[in-house]
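Each remark here refers to the structure printed beneath this line.
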Amino acid sequence: MSMIIGLAGKPNSGKSTFFKAATMADVEIANYPFTTINANRGVTYVRAECPCVTRSKRCGHCVDGIRYVPIELIDVAGLVPDAHLGKGLGNTFLDELRQAHAIIHVVDASGGTDIEGNPVDIGSHNPMDDIDFLNREITMWMVGILKRNWDRLSRKIQAEGLKIEKVLAEQLAGAGVDEYQVICSISACKIDHNHIKWGDEDLIMLCDAMRVISKPMMIAANKADIAPAKFINDLKSLDRIVVPTSAAAEVVLKSASKGGAIKYNSGDDDFSIIKEDLTPAQRKGLESVHALIKKTGGTGIQECVNKAVFELLSLIVVYPVEDEGKWSDKSDRMLPDAFLMKKGSTAHDLAYKIHSDIGDRFLYAVDAKTKMRLGEKHELNNGDVVKIVSTAK
Ligand SMILES: Nc1nc2c(ncn2[C@@H]2O[C@H](COP(=O)(O)OP(=O)(O)O)[C@@H](O)[C@H]2O)c(=O)[nH]1
Ligand SMILES: [Mg+2]
């Protein structure tokens with residue numbers, strides 16, 4: 001499993017609740033039982049429409065025609081302003097963030113926690129004040145890594161005629177930044193071509209650009225169930241992807257579903273009670289969640305994960321098969337795999353993703369829906385079912 005999303009934010013914003021809600025899956029989901037890799041690392045799912053809904057037969061890998069495609073989620077430990085200087089848990093959060101391909105910034109939209117995450121009266125802290133610090137921490141963390149060796153590096157690049165992007169990528173490998181991203185960042189931020197002239201401000205500007213490219217971020221406006229409408233609207237007006245969420249409500253629904261009290265698939269905008277003998281407390285809890293999601297169209301948790309994958313990371317889901325008629329593999333399993341790939345990926349890219357031999361010996365692909373032959377450069381679409389034909393054994 002390759003895609004990793006990090007949940008970050010100040011303490012008490014609801015990261016662990018979000019994590020629990022998003023990783024608490026019914027065991028029947030797909031081939032993947034609920035898995036906690038460790039306390040703060042787990043598996044969550046992107047929700048997609050399964051291609052088998054257009055067929056007479058269900059594939060057996062989806063739930064009511066909903067395909068849940070696994071990704072990894074990390075609950076990144078408490079982050080406070082000036083963490084990059086060692087405040088709070090300091091740099092430990094950054095070690096966890098390193099691996100993330102994208103970040104969901106979990107914000108307490110209720111305004112019930114101060115800038116460091118201490119509880120205060122609801123509405124008394126403006127969540128807009130929490131937005132920038134996370135970006136700043138990540139940027140300054142990268143700046144710190146570069147500055148540690150900058151004088152020496154800068155001289156070395158000069159003396160040995162090294163490629164700046166190569167040296168920077170080496171330095172920032174631990175931060176999860178690669179050479180291609182460095183090149184894009186250098187051209188995006190219009191920094192002076194002569195690195196000898198770079199001062200602190202230039203390094204900050206460059207690291208800011210590298211952060212945007214290597215750690216795309218969106219916002220979960222959490223505790224939406226108790227948040228003042230003004231705060232939610234202010235957050236929504238930001239120039240980013242913002243999804244109001246109620247992690248606590250999603251935990252209630254997932255638990256009730258697991259316990260057989262309700263029928264609810266993650267991401268549904270409603271649920272139905274299927275158990276007769278609920279306690280008054282259970283019924284009341286479910287009623288209040290019901291009132292909430294009637295208003296909001298869902299708890300937002302699944303929407304948030306989906307937007308991270310489909311919008312923030314621009315991925316698509318592709319279903320490789322070996323039999324283009326039955327949409328199955330050699331063992332007659334229908335639609336056995338669902339791959340997440342970058343938008344713009346080609347049929348040839350898919351072949352390589354299946355196996356390097358199949359990529360090397362690629363002949364052509366077949367769109368299993370239309371039975372059209374696809375060349376190696378053919379760009380795949382979200383939801384495509386594709387057979388690869390190669391000379392590989
Ligand atoms: N009302 C409400 N409270 C929430 C929600 N999500 C989390 N909380 C509460 O916020 C507090 C902090 O949550 P936690 O997940 O531990 O925050 P973390 O420090 O960011 O991991 C707990 O008391 C949660 O029950 C939510 O969506 N709505
Ligand atoms: Mg926590």
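One-based numbering, in listed order, for ligands and for the atoms of each. In this chain, numbering begins with 1 at the start of the sequence shown.
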Check your understanding: Nearest to atom 27 (O) of ligand 1, what protein heavy atom do you find, and at what distance?
Key -> Ala247 N, 2.9 Å
**Study point:** Nitrogen or oxygen atoms of Ala248 and ligand 1 under 3.5 Å apart
**Key:** yes
Revision key, fill the gap. Heavy-atom proximity to atom 2 (C) of ligand 1 ranks first, among Thr299, Ile301, Asp225, for Asp225
Review point. With a 4.0 Å heavy-atom cut-off (strictly under), which part of Asp75 contacts ligand 1: side chain, backbone, both or neither?
Key: neither
Check your understanding: Is it true that Lys197 and Asp192 make a salt bridge, defined as a side-chain N closer than 4.0 Å to a carboxylate O?
Key -> yes
Exercise for review: May I ask you to identify the nearest protein heavy atom to atom 15 (O) of ligand 1, giving residue, atom name and distance to one decimal place in Å?
Suggested key: Thr17 OG1, 2.5 Å
Review point. Heavy atom under 4.0 Å from ligand 1: found in Ile226's side chain, backbone, both, or neither?
Key: side chain
Review point. What protein heavy atom is closest to atom 8 (N) of ligand 1, reported as residue, atom name and distance in Å?
Key: Lys223 CE, 3.8 Å
Review point. Of all the atoms in Asn12, is at least one N, O or S atom closer to the Mg ion (ligand 2) than 2.8 Å?
Key: no
Review point. Looking only at heavy atoms of Gly9, does any of them come nearer than 4.0 Å to an atom of ligand 1?
Key: no
Review point. Is atom CD of Glu49 surrounded by more than 12 heavy atoms (other residues, nucleotides or ligands) closer than 6.0 Å?
Key: no
Point to revise | Shortest protein heavy-atom distance from atom 16 (O) of ligand 1, along with the residue and atom involved | key: Ser16 CB, 4.2 Å
Point to revise | Numbered atoms of ligand 1 (with element) below 4.0 Å of Asn12, judged on heavy atoms | key: 12 (C), 17 (O), 18 (P), 19 (O), 20 (O)
Practice item. Taking atom types as modelled, find out whether Gln99 and Arg41 have a side-chain donor-acceptor pair closer than 3.5 angstrom. Key: yes
Point to revise | Contacting atoms of ligand 1, where contact means under 4.0 angstrom from a heavy atom of Lys15 | key: 15 (O), 17 (O), 18 (P), 19 (O), 20 (O), 21 (O)
Review point. Only one of Ile186, Leu172, Thr139 forms a side chain to side chain contact (heavy atoms under 4.5 Å, CB included) with Met210, so which one is it?
Key: Leu172
Check your understanding: Using 4.0 Å as the upper bound for N to carboxylate O, is an ion pair formed by Asp349 and Lys353?
Key -> no
Exercise for review: With Glu250 as reference, evaluate Ile301, Thr17, Thr245, Ile293 under the side chain to side chain contact (heavy atoms under 4.5 Å, CB included) test and give the passing residue.
Suggested key: Ile301
**Study point:** Any N or O of Phe18 closer than 3.5 Å to N or O of ligand 1
**Key:** no
Review point. Under 4.0 Å from atom 5 (C) of ligand 1, is there any protein heavy atom?
Key: yes
Practice item. Considering the heavy atoms of Pro11, write down every atom of ligand 1 situated less than 4.0 Å from one of them. Key: 19 (O)
Check your understanding: Thinking salt bridges, do Asp329 and Arg333 make one under a 4.0 Å N-O criterion?
Key -> yes
Check your understanding: Under 3.5 Å, is there a donor-acceptor pair between the side chain of Asp114 and the main chain of Asn118?
Key -> yes
Exercise for review: Would you indicate whether Lys275, at its atom NZ, is surrounded by more than 12 heavy atoms from other residues, nucleotides or ligands within a distance under 6.0 Å?
Suggested key: yes
Review point. How about atom 18 (P) of ligand 1: does it have a protein heavy atom within less than 4.0 Å?
Key: yes
Exercise for review: Run the salt-bridge test on Asp268 and Arg47 with the 4.0 Å N-O cut-off and return the result as yes or no.
Suggested key: yes
**Study point:** Charged N-O contact under 4.0 Å between Arg283 and Glu287
**Key:** no
Check your understanding: Any N or O of Thr245 that comes nearer than 3.5 Å to an N or O of ligand 1?
Key -> no
